[in-house]
2 protein chains.
Amino acid sequence: MAPSPAPRGARTATLTDVARLAGVSVATASKALNGRNHVSAATRERVAEAAAQLSFSPNSLARGLLAGRTGTVGLLTSDLVGRFSLPILMGAEDAFGAGEMSVFLCDARGDAIRERHHVQALLSRRVDGLIVVGSSTDPRPPLAAAVDVPVVYAYAPSENPEDLSIVPDNVGAGRMAVEHLIACGRTRIAHISGDRGFSAARDRAAGALAALADAGLAPVGEVAYGTWQEGWGRAAAAMLLDREPDFDAVLCGSDQVARGVLDTLRERGRRVPEDVAVMGFDDWRVMTTGARPQLTSVDMNLEELGRTAARALFEAIGAEHGRGVRTVQCRVVVRGSTAPGT
Amino acid sequence: MAPSPAPRGARTATLTDVARLAGVSVATASKALNGRNHVSAATRERVAEAAAQLSFSPNSLARGLLAGRTGTVGLLTSDLVGRFSLPILMGAEDAFGAGEMSVFLCDARGDAIRERHHVQALLSRRVDGLIVVGSSTDPRPPLAAAVDVPVVYAYAPSENPEDLSIVPDNVGAGRMAVEHLIACGRTRIAHISGDRGFSAARDRAAGALAALADAGLAPVGEVAYGTWQEGWGRAAAAMLLDREPDFDAVLCGSDQVARGVLDTLRERGRRVPEDVAVMGFDDWRVMTTGARPQLTSVDMNLEELGRTAARALFEAIGAEHGRGVRTVQCRVVVRGSTAPGT
DNA sequence: CTGAAAGCGCTTACAG
DNA sequence: CTGAAAGCGCTTACAG
């Protein structure tokens, strides 16, 4: 059954309507509905009934105008299509929802003009704060406009160290990955990375090399930078097999690269994980669980990153604004490509 | 350089401030800023200067309160994590952005309680309309609350035929896919589908079978329903090779299934596309372009679907509300798995 | 405990 | 061309 629609041309009920129906003043109706004291139980009930009867829904615009706070925030993404924005967005939406905040979503599509336009619109709607989600972990310029509400940068940190930025811990991720491989008994570890132009690739490599050094191990060959794609994984694995065939693990810059590596290893007769352990980064489920064997990966906890950004913004609204770059921890998700029988 | 932040404790400038600085009344300032006639050029300029000097940004809440329209819409998703919501959301955001609308994003996470709560919040914010994005193409119950603004259902149609729903054309997609395979010279076509529980799987199969019948062809074997995953593609392809080895094309229920099919065919010595043409649905780039050979697929045009929903809502706001289910066309994206040398 | 009044920031007839 | 006044829907001191 469809709910009965509101009568044609029906005006949304206002507090005045409720007050009239309950036989009280708007002031009293307001207090009754908002649980203020100094209202008799009987009145309170009468007002509540009237409100229910009229399906009264308080106008947030009017409230916001009075309060100076609107209970809204802006979420400004620079690249919604990129697969990293989404979980961040989900985490933020989740955290805000719990705090009764509503979220304006704006996608600047990597265009500075469009970004400025969106910021202007959000400011005009008097958002209480702003989260700026970048499309890579490379630093980005701070917002162009002078913004008088708190701003938190997520994923891509602001170039201005005075701003508050929440970023994934890619160095820690590289370190953690190598530690996992070592724990699996591997000592001849190669690193086939992604696009060198991304700090994510360089940071992960730096963490991986540091962990190897800490363990007294040397990497097999140089870090192989290329692209984030499967095709690069296939090509790089073939080169590795030709040049440095004596390895027992490959750490890959992304799950896609890892998929390519897995394919080449299988075709060249190397068993995974018996002969070679393979792992990726990002824990993109469609990639990791479809693989043969399923792929061990590092989850960057992006949803948690979104939640953290939201909480940081929450704190900044009305309180002192935090500064500097904070990182969110990642974690290894173990599957068959490093652990037999998983 | 960081933009200079607003002075500590600075109050956002109001129209009253602008008027005072320009030496006119707020009424005149309002008219000047909004391009109303009956304002002298000199006054207009003086007000504009004052506004610029104070970085005046008109308060949308106050405007919305007067106008009865807020220029905001709600986008209610039931499953943000699903990969189909995102392009729809992008398309809608795009279309609304062009229309100066701001978009509230709410994720109900498939929970009816949470959905009701979000709808209530959106109504309280006086959105001008609502788009409800489903997580599958199966019909969903209409919104529980009586909503007095236009609602457009996207992807998942409403169970109430009186509602307006915009959905992808899965039957047409199945038809189009088979027509492409036939155009590639294939006549022995098998269909390995996805999860039978989804109308998307059944609709695509129905379209495919209809196109085969139209061409006077019979499908190779029964439609093989399973899951949407790669693993099913691998298993189903193996069974097909055992039972009905005489085929020259496989239409797959999803790109993931197609990836699995490609793997099994390669390992069993069938060349793609020379011996067997393979195609998938959804055109999920990470799947299609990483495949060997790259995968031909059907793009369901979800971004266009989002744009269409937004435009439909736009029309419904202030005008007569459309009714019934409308479909959005899809298109074949040709790659190497059906066309050699692509 | 209840209500009249002022005001949040803006726009829109209506006089001058 | 310009401005005083009313009002959008609500909340909050302040009297009664």
Side-chain angles (χ1 to χ4, degrees), chain A residues 10-48 50-51 54-72 121-128 148-149, chain B residues 10-48 50-51 54-72 121-128 148-149:
Chain A
R11 197 174 44 80
T12 310
T14 72
L15 188 59
T16 307
D17 301 325
V18 174
R20 187 179 306 133
L21 184 59
V24 297
S25 71
V26 287
T28 300
S30 171
K31 285 172 207 150
L33 254 20
N34 292 307
R36 293 276 173 286
N37 5 339
H38 311 305
V39 179
S40 76
T43 305
R44 192 182 300 279
E45 180 145 339
R46 222 155 7 105
V47 173
L54 297 173
S55 303
F56 173 68
S57 162
N59 186 324
S60 293
L61 299 180
R63 270 191 176 160
L65 202 52
L66 267 302
R69 290 188 59 229
T70 57
T72 62
L122 291 170
L123 257 25
S124 155
R125 296 199 184 279
R126 298 297 186 262
V127 291
D128 296 331
D148 55 357
V149 294
Chain B
R11 196 174 44 79
T12 309
T14 72
L15 189 58
T16 306
D17 300 326
V18 174
R20 188 178 306 134
L21 184 58
V24 297
S25 71
V26 287
T28 299
S30 172
K31 286 172 209 152
L33 253 22
N34 291 307
R36 293 275 174 286
N37 6 341
H38 311 304
V39 179
S40 76
T43 305
R44 193 181 300 281
E45 179 144 339
R46 219 152 13 104
V47 172
L54 297 173
S55 303
F56 173 68
S57 163
N59 186 325
S60 293
L61 299 181
R63 271 192 175 160
L65 202 52
L66 269 302
R69 291 187 60 230
T70 57
T72 61
L122 291 171
L123 256 25
S124 154
R125 295 199 186 279
R126 298 295 186 265
V127 291
D128 296 331
D148 56 356
V149 293

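FYI, side chains are in, hydrogens and waters are out, and symmetry mates aren't considered; it's all heavy atoms of this structure.
Partners of A/Ala22 under the side-chain contact (heavy atoms from CB on, under 4.5 Å) rule, at least two apart in sequence or in another chain, are A/Val24, A/Val47, A/Ala50. Listed by chain and residue number, nothing satisfies the side-chain contact (heavy atoms from CB on, under 4.5 Å) test with A/Ala121 (two or more places apart in sequence, or in another chain). Partners of A/Thr16 by side chain to side chain donor-acceptor pair (under 3.5 Å), not counting sequence neighbours: none found. By the side chain to side chain donor-acceptor pair (under 3.5 Å) test, A/Ser25 is found to be paired with A/Thr28, residues two or more places apart in sequence or in another chain being considered. With sequence neighbours excluded, the residues satisfying side chain to side chain donor-acceptor pair (under 3.5 Å) with A/Ser124 are B/Ser60. With sequence neighbours excluded, the residues that form a side-chain contact (heavy atoms from CB on, under 4.5 Å) with B/Ser40 are B/Ala42, B/Thr43.
In the model, A/Thr12 has a side-chain atom that pairs as donor or acceptor with a side-chain atom of B/Asp148 under 3.5 Å.
Each salt bridge (charged side-chain N to carboxylate O under 4.0 Å, His left out) pair with one or both residues in residues 59-72 of chain A, not counting sequence neighbours, appears once here: A/Arg69-A/Asp128. For the salt bridge (charged side-chain N to carboxylate O under 4.0 Å, His left out) condition, the pairs that include at least one residue of residues 13-25 of chain A, sequence neighbours left out, are A/Arg11-A/Asp17, A/Asp17-A/Arg20.
Here the closest non-hydrogen pair linking B/Phe56 and B/Leu15 is CE1-N, 3.3 Å.
A 4.5 Å side-chain heavy-atom check between A/Arg125 and A/Thr70 finds every atom pair outside the cut-off. Taking 4.5 Å as the limit, some side-chain heavy atom of B/Val149 sits within range of a side-chain heavy atom of B/Leu123.
DNA chain D lies under 4.0 Å from at least one heavy atom of each of the following residues of residues 54-63 of chain A: A/Phe56, A/Pro58, A/Asn59, A/Ala62, A/Arg63. Residues from residues 13-32 of chain B that place a heavy atom under 4.0 Å from any atom of DNA chain D, listed by number: B/Val24, B/Ser25, B/Ala27, B/Thr28, B/Lys31.
The footprint of chain B on DNA chain D, defined by a heavy-atom cutoff below 4.0 Å, extends from D/dC1 to D/dG9.
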Q: Give the dot-bracket string for DNA chain C, reading 5' to 3', where a pair is Watson-Crick or G-U wobble with both distances under 3.5 Å, ( ) marks pairs inside the strand, [ ] marks pairs crossing earlier ones, | marks a partner on another strand, and . marks unpaired.
A: |||.||||||||.|||
